[in-house]
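Presented below is the structure to which this report refers.
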Protein chains: 2
Amino acid sequence: MNRSEIKIERIITYRRILLKLYNDGEKNIFSYQLANKCQVSSAQVRRDLMDIGYSGSPANGYEVQCLIKSIAEFIDPDKKQGIALVGLGNLGRAIIDYFNGQSLKLEIVALFDKNPNKINRVIAGCHSYHINDLKEIIIKNNIKTAVISVPSTDAQQVADVLVDGGIKGILNYAPIILNVPDSIYVQNRDMITTLEKVSYFANYNNK
Amino acid sequence: MNRSEIKIERIITYRRILLKLYNDGEKNIFSYQLANKCQVSSAQVRRDLMDIGYSGSPANGYEVQCLIKSIAEFIDPDKKQGIALVGLGNLGRAIIDYFNGQSLKLEIVALFDKNPNKINRVIAGCHSYHINDLKEIIIKNNIKTAVISVPSTDAQQVADVLVDGGIKGILNYAPIILNVPDSIYVQNRDMITTLEKVSYFANYNNK
DNA sequence: TTTATGCTGTGAAAATAATCACAATGTGAA
DNA sequence: TTCACATTGTGATTATTTTCACAGCATAAA
Ligand SMILES: NC(=O)c1ccc[n+]([C@@H]2O[C@H](COP(=O)([O-])OP(=O)(O)OC[C@H]3O[C@@H](n4cnc5c(N)ncnc54)[C@H](O)[C@@H]3O)[C@@H](O)[C@H]2O)c1
Ligand SMILES: NC(=O)c1ccc[n+]([C@@H]2O[C@H](COP(=O)([O-])OP(=O)(O)OC[C@H]3O[C@@H](n4cnc5c(N)ncnc54)[C@H](O)[C@@H]3O)[C@@H](O)[C@H]2O)c1
């Protein structure tokens with residue numbers, strides 16, 4: 001069974017769409033319908049679902065609820081996962097206000113900053129701590145995933161502390177490439193790179 | 001010459017790193033050094049640079065300044081590109097405060113919202129308009145790229161207006177998959193999907 | 001029952017992407 | 001000059017990802 005990044009991302013996207021369908025009361029869906037909704041081919045959908053071990057029926061397609069359950073078994077951790085967020089600036093606050101409640105198994109449970117004015121507060125139900133306490137707190141709470149939203153000047157040192165505290169996955173919004181051990185999964189979400197790419201294809205696709 | 005998304009993204013990333021090196025006064029770099037800094041193989045770097053038509057020297061590697069210029073010729077639009085941003089909530093404001101000045105050829109030049117309290121203002125040097133005026137303004141300013149940061153309930157209708165106004169590329173932060181013509185390039189940046197992926201690999205890589 | 005229909009699941013093929021591996025080359029030391 | 005060396009540029013190879021295409025199947029209609 002292949003667990004490449006691109007496949008996992010598609011499967012997570014299927015679930016997002018299926019959850020919406022489920023809320024709308026849909027009971028069944030065919031591969032080509034799911035495919036349309038997320039702009040992949042129906043063969044791709046069937047292949048992906050085959051890989052997670054879920055089977056549909058030729059006549060009724062896939063059962064939305066069962067499929068959601070199968071994806072959860074394939075993707076989700078057993079227990080709820082706490083997430084740490086470092087950097088309570090504009091972006092960090094936008095994320096906190098937005099994220100909790102959006103994902104079944106994931107929750108931001110600890111916030112960190114170095115600015116004394118921003119620590120020891122409760123933002124969107126979540127406590128903020130000084131960055132110096134990070135290691136202790138993420139170990140105590142068994143936090144394995146973190147979001148970095150500090151300026152790029154500070155991102156590497158924050159990453160070092162996170163790694164030291166046992167973090168295994170980082171979502172990095174700072175526009176630098178972090179130097180971390182190979183065993184750590186890093187997802188960079190640099191907006192400059194992204195917009196440059198979008199702008200490139202906006203122009204290039206229409207020459 | 002191959003212009004796949006993944007290759008373009010790498011090339012844009014090379015430039016980001018090269019610009020930093022250039023500011024630090026670096027004159028030359030070898031493929032393996034650039035490769036290290038962005039976690040790809042040196043063969044990959046050489047292949048990518050070959051594809052954009054830039055040649056280094058075996059003894060000195062690549063000249064940082066020339067390489068930046070070659071990448072610009074390959075990637076950049078001829079003229080500065082204006083970008084529209086729709087949705088002046090938490091995320092939208094964080095983006096405006098952050099983005100302008102970060103990229104040489106790209107600039108957010110028009111903001112849109114539907115809330116009357118948020119229109120006809122200047123935020124970070126940029127004017128905000130009512131969403132109803134979007135088409136007129138993006139046409140007048142020849143805007144081809146837009147950022148969507150409205151709630152997911154409104155994202156599709158915003159996308160429709162953008163497409164109607166001639167937008168060719170969209171960076172979408174709302175957690176839905178937009179339905180747009182094939183000729184429009186869309187980059188989704190749904191944070192829930194992303195964090196679920198990071199959490200998955202944080203756990204899975206260390207089973 | 002039987003048959004027609006329109007899916008699924010999946011080997012096989014095709015397309016795409018990454019790596020290998022090495023001749024060619026420019027440089028500096030002797 | 002000559003030679004040793006480290007790196008480039010790239011054809012060939014390998015790996016990965018996607019698509020094709022169709023047998024097999026569940027259902028509904030006759
Ligand atoms: N604002 C955006 O939309 C946006 C988009 C993409 C990327 N980014 C990136 O995200 C990061 C944050 O952006 P922002 O606009 O929120 O910046 P900001 O300056 O508003 O906030 C940064 C926060 O990080 C804190 N901080 C700084 N150093 C720290 C450290 N060592 N430890 C702990 N906390 C520390 C600061 O006290 C501040 O609260 C930047 O790297 C930026 O490039 C921002
Ligand atoms: N906050 C985050 O960090 C974050 C992260 C990822 C994704 N998102 C997504 O980004 C979007 C915005 O998030 P937010 O936290 O800024 O929300 P928000 O509610 O703070 O802001 C939304 C803004 O969009 C405006 N708006 C709504 N409908 C509109 C329309 N039809 N036309 C023009 N403007 C309209 C509203 O007036 C408001 O100003 C949401 O889809 C959210 O899911 C947010």
Side-chain angles (χ1 to χ4, degrees), chain A residues 1-14 17-18 21 26-71 74 182 185 197 200-201 204-205, chain B residues 1-14 18 21 26-71 74 182 185 197 201 204-205:
Chain A
M1 188 167 11
N2 152 8
R3 286 160 180 269
S4 70
E5 204 169 321
I6 196 161
K7 182 184 285 276
I8 295 295
E9 189 160 340
R10 277 198 307 269
I11 291 171
I12 291 175
T13 301
Y14 299 154
I17 286 164
L18 290 165
L21 290 170
E26 297 286 339
K27 297 273 180 270
N28 291 85
I29 191 170
F30 292 120
S31 63
Y32 70 88
Q33 296 173 312
L34 188 50
N36 268 342
K37 289 191 186 288
C38 43
Q39 342 239 267
V40 301
S41 71
S42 64
Q44 183 85 82
V45 168
R46 291 200 300 278
R47 173 75 56 185
D48 288 337
L49 299 189
M50 182 185 117
D51 286 356
I52 71 170
Y54 181 79
S55 269
S57 101
N60 300 316
Y62 305 99
E63 289 183 36
V64 173
Q65 188 172 19
C66 297
L67 182 47
I68 290 170
K69 195 152 151 273
S70 289
I71 293 177
F74 185 77
D182 279 354
Y185 178 84
K197 184 171 74 161
Y200 174 84
F201 285 108
Y204 184 78
N205 281 342
Chain B
M1 188 167 9
N2 152 9
R3 287 162 180 266
S4 68
E5 203 170 322
I6 196 161
K7 182 184 286 276
I8 295 295
E9 188 160 344
R10 278 198 306 267
I11 292 171
I12 291 174
T13 302
Y14 299 154
L18 290 165
L21 290 170
E26 298 285 341
K27 297 272 181 271
N28 292 85
I29 191 169
F30 292 120
S31 62
Y32 71 87
Q33 296 174 313
L34 188 50
N36 268 342
K37 290 192 186 286
C38 44
Q39 343 241 265
V40 302
S41 71
S42 63
Q44 182 85 80
V45 169
R46 292 200 299 279
R47 172 74 56 185
D48 288 338
L49 299 189
M50 181 186 119
D51 286 355
I52 70 170
Y54 180 80
S55 268
S57 99
N60 301 317
Y62 306 97
E63 290 182 37
V64 174
Q65 191 173 15
C66 298
L67 182 47
I68 290 170
K69 194 151 150 276
S70 290
I71 292 176
F74 185 78
D182 279 354
Y185 178 83
K197 183 170 75 160
F201 285 108
Y204 185 77
N205 282 341

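So you know, we letter chains A, B, ... as the sequences are listed, proteins then strands, and number each from 1.
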So, does the side chain of R47(A) form a donor-acceptor pair with the base of dT19(D) at under 3.5 Å? yes
Taking atom C1' of dT17(D) as reference, at what distance in whole Å does atom CD1 of I11(A) sit? 14 Å
Base, sugar-phosphate alone, or nothing: which one does I6(B) contact when heavy atoms must sit under 4.0 Å apart? sugar-phosphate
When you measure from the side chain of R10(B), which nucleotide among dA18(C), dA17(C), dT19(C) comes out closest? dA18(C)
Would you check if there is a donor-acceptor pair between the side chains of N28(B) and Y62(B) at a distance under 3.5 Å? no
Atom CD1 of I52(A) and atom C1' of dT8(C) are separated, to the nearest Å, by 15 Å
What is the separation between atom CE on M50(A) and atom P on dT18(D), rounded to the nearest whole Å? 14 Å
Once you round it to whole Å, what is the distance between P of dA14(C) and CD of Q44(A)? 18 Å
Under 4.0 Å between a Lys/Arg side-chain N and an Asp/Glu carboxylate O for E63(A) and K27(A)? no
Whole-Å distance, L67(A) CG to dG9(C) P, equals 10 Å
Winner on side-chain proximity to F30(A), out of dT17(D), dT27(C), dC7(C), is dC7(C)
Would you kindly give the CG-to-P distance between L34(B) and dT7(D), to the nearest whole Å? 14 Å
With sugar-phosphate meaning primed atoms plus P, OP1 and OP2, does S55(B) contact a base, only sugar-phosphate, or nothing at under 4.0 Å between heavy atoms? sugar-phosphate
Spacing between N28(B) atom CG and dG26(C) atom P, to the nearest angstrom: 15 Å
Side-chain donor/acceptor contact of R46(B) with base of dT7(D) under 3.5 Å: no
Quick check with a 6.0 Å cut-off and a 45 degree axis cone: is R3(A) positioned over the face of F74(A)'s six-membered ring? yes
Among dT19(D), dT17(D), dA26(D), the one nearest any side-chain atom of A59(A) is dA26(D)
Sidechain-backbone polar pair: E9(B) side chain, I6(B) backbone, donor-acceptor under 3.5 Å: no
